[in-house]
Amino acid sequence: MRHRKWWEDAIIYQIYPRSFKDSNGDGIGDINGIIEKLDYIESLGVNTVWINPMILSNQQDNGYDVINYTKVDPLFGTEEDGERLIKELKNRGIKIIFDFPLNHTSDQHPWFKTALKSKDSPYRDYYLWAEAEEDRPYPNNWTAGFGGSAWSRVLNEDQYYLHLFMHSMPDLNWSHAPLRQEMAEVLNYWIEKGIDGFRLDAFIYMDIDQDFPEYPGEKGPGQEMNEHGNNIKDYLNEMNQAISHHEKEVFLVGEATSADADLTQWYTDQENDMVDKIITLQYFPENKEGMDRSVPESNQHLPLDPKKFKKVQKEFQEKGGADGGPILFWSNHDMPRSPHKYGNMATEHRDNSAKMMATLLYLQKGIPIIYNGEEIGMKNVAFGDPGNIADSGVMQFYQEAHQAGWKHKNIMHHINLTARDVSRGIMQWEDSEKVGFTDGVPWMLYNRESTYNVKDQEKDEDSILNFHRKLIELKKTELFQHGAYEMRETEETLYAYERTLDAQKALVYCNFSDKAETIDIGKEWHAQQIALQNAGNGLEDGKLRLSPYGAVVLVKK
Ligand code: GLC
Ligand code: CA
C-alpha cells in the first residue's frame, strides 16, 4: 500500500491566538491561554492545530509583519511558554502548524533597518528597490494590497522600496540566495523545536518581476502583476531540500488566494515539490447580479452562487490535491464568518445551517480546517464606525459608497459582512461579561450570547459543538478519509455526494435553502443507516425529507 503522510488524515483547528484565550489579563489572547484550553481542543477530536503568527512582530498586521522569525512575541508569552505549548500538544498527539510570513517583513526588522542605513549594506539585496523617473511620483503604477502605491520612498534618498501589502511591510527579495538560506534556517529552527508544518503566507508573490512592468491602464494591483511567478518552483524546491521536506514529512500548506483548481494541482503535484496543499479563496463564487457597479466591489456583501459553488467544489475534489484531497474550509481570520453568507442567521435556522455547512464541506474528500468559534456557530462582530476597523480598504469603501449616495447604516451593514476584522472577535467561552476570555479589557469587539458559547453547548447533546464532535468522529473513519468521491446531480438548492470504499457507501444530502425538500433516494436507503443528521429530517420508503438547511449522512456497511 502507498505510504500515507500524516497530514492526509489531518483535521485542523485554526487558532487566532489574539482572540482565543487571555491568561494574564492584558486583554490579548496568549500561549498560556491556549495551553489552558488544550483539553477543549483535544475534546473536539481534531488532530492538528494551525496557529496564526506568534513570533516577534510590529503588530501592524497582527503578526504578519515580522521583526524576528525565531523569537516568540512577548505579547503572547515567553520562549518557555512556546516550548511548553509544543510539548503539551505533542503529548496529546496533536500536530502543530506554524504560520510563516515569508513574503515580507516588518520595516522594523533588523534586516530592513540595516538596509536603510546604506545603499551598500549587504541587507539591501534582501528587499526590492527602484527609482522613479523625474516626472513621476513612483517607480511604476502598482498599488498595494492595503491601499496606496506599492512603493514608498526612502527618507533622504532617491530610492523606493516595494511593498505589495502595507507600506510598513517591505517585500523580501527571494531571488537573492542568502535570503533564501536564511529563511530555510528559520524553518529548520522551528522543525527542531517540534513544529510539524507551516502555512506559507502569501507565497504566490515570492517571485517579483524585477523589470517592474507597468500595470495596464492608469494603475492596478502589484499583487496581480506578480502572482504565481515562474521562479517560485525553484525557490520552494531549494527550500524543501534544505528542510528535508519529504524525509521529515514537514507539511507545507500554501496560501494562494487566487489559485484555481488547475493552479492548485500544479502547486500540489508531489513531483513538483512545492507545497502539499493550497488554501485558496476561489471556493466562494458570488452572485454579482445585485451589485452596485458605481461602488467598489471590495466590501459589497454579495450572496453565494450555489451553482458555481458546486462546480468549483467538484473541480477541487478532482484536482485540489492528490494525496488526501484538497483543503476544506468555510472561514478564517481574513474573511467574515461564513454562516452569514452561506447559511442563515435567523434564529430558527441558525443551528441547522451551521451543522449543515459543516456536514456539506467536511465529509468530502480533503482536510478540514475549522476556524476557532465556528464549532459553536459564532457570528461576526459588528462595527458601528469604519474608523475602528484596521483595514484601510474599508475607509475608502465607506467614502466612495457615501459619495454614491449609500446611507451610513447600509454601508456599515455591508462592511460588517465583508471586512476581515469581523471574524476576529474573541472566543465565546461562556455567557458572562467578558465571555470567559479575559479578566481585563478585550482588545477586540465581541458578542455575548446565551447558547452560542462553549459552556452552554457542552451541556446540550444537540448543540452545534457536539454535532461537530460527532462529525469529526465520522470524518476519521476510513470511508470518509479515503473513500472515492462523487457528486450527485441535484437541483441548485441541494448538495449531495457519495463516498465509497469497497463495499461501504455513504450518501450525504444537504439542503441549501430555507424550504423543506423531499427527494426520492431509493429504497436501498433506510432510516437505520442514518449516521448523523441535524434537526427535522426524515426517511421513509426511500423518500428523504430534508428540513430547511437539513443535512443527513447515510452509511451502508
Ligand atoms: C495573509 C494573511 C493575512 C495577512 C497577509 C499579509 O493573507 O492571512 O492576515 O494580512 O497575508 O501578510
Ligand atoms: Ca494576554
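Just follow the structure's listing: the first ligand is 1, and inside any ligand the first atom is 1.
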Near His104, which atoms of ligand 1 are under 4.0 Å from a heavy atom of that residue?
6 (C), 12 (O)
Check each atom of ligand 1 against the heavy atoms of Arg420 and keep those under 4.0 Å away; list them by number with element.
3 (C), 4 (C), 9 (O), 10 (O)
Atom 8 (O) of ligand 1: closest protein heavy atom, distance to 0.1 Å, is Asp334 OD2, 2.4 Å
Check this for me: does any side-chain nitrogen of one of Asp262 and Lys319 sit under 4.0 Å from a carboxylate oxygen of the other?
yes
Heteroatom test (N, O or S) for Asn24 near the Ca ion (ligand 2), limit 3.0 Å:
yes
Applying side-chain hydrogen bond (donor to acceptor under 3.5 Å, both in side chains) to Trp151 and Asn140, what does each step give before you reach the verdict?
CA-CA 8 Å; Trp151 298 94; Asn140 71 12; 2.7 Å; yes
Checking one value in my table: which N/O/S atom of Asp30 lies closest to the Ca ion (ligand 2)?
OD2
Kindly give the atom name of the N, O or S atom of Asp22 closest to the Ca ion (ligand 2).
OD1
Going by the side-chain contact (heavy atoms from CB on, under 4.5 Å) test, name the single residue among Thr257, Thr143, Leu164 that passes it with Gln223.
Leu164
So if I count the atoms of ligand 1 from 1 in the order they appear, which ones are less than 4.0 Å from some heavy atom of Asp61?
4 (C), 5 (C), 6 (C), 10 (O), 12 (O)
Answer with side chain, backbone, both or neither: which part of Tyr205 has a heavy atom less than 4.0 angstrom from an atom of ligand 1?
neither
Evaluate the criterion salt bridge (charged side-chain N to carboxylate O under 4.0 Å, His left out) for residue pair Glu433 and Arg448; output intermediate values, then yes/no.
CA-CA 7 Å; Glu433 200 192 332; Arg448 174 180 174 180; over 6 Å; no
Give me the nearest non-hydrogen protein atom to atom 7 (O) of ligand 1 as residue plus atom name, then the distance to 0.1 Å.
Glu255 OE2, 2.7 Å
Distance under 4.0 Å to a non-hydrogen atom of Asp201: what atoms of ligand 1 satisfy this?
1 (C), 2 (C), 6 (C), 7 (O), 8 (O), 11 (O), 12 (O)
Counting heavy atoms under 4.0 Å, the part of Arg199 that contacts ligand 1 is side chain
With respect to the Ca ion (ligand 2), what is the nearest N, O or S atom of Asp26?
OD1
Is it true that the side chains of Asp385 and Asn388 contain a donor and an acceptor less than 3.5 Å apart?
no
Is it the case that Glu227 and Ser258 place a side-chain donor and acceptor less than 3.5 Å from each other?
yes
Could you check, using the six-membered ring where one of them is a Trp, whether Tyr342 and Phe284 have ring centers closer than 6.0 angstrom?
yes
Output field: ring centroids Phe20/Trp429 closer than 6.0 Å:
yes
From the list Ile426, Asp30, Leu75, side-chain contact (heavy atoms from CB on, under 4.5 Å) with Arg18 holds only for Leu75
Heteroatom test (N, O or S) for Gly27 near the Ca ion (ligand 2), limit 3.0 Å:
no
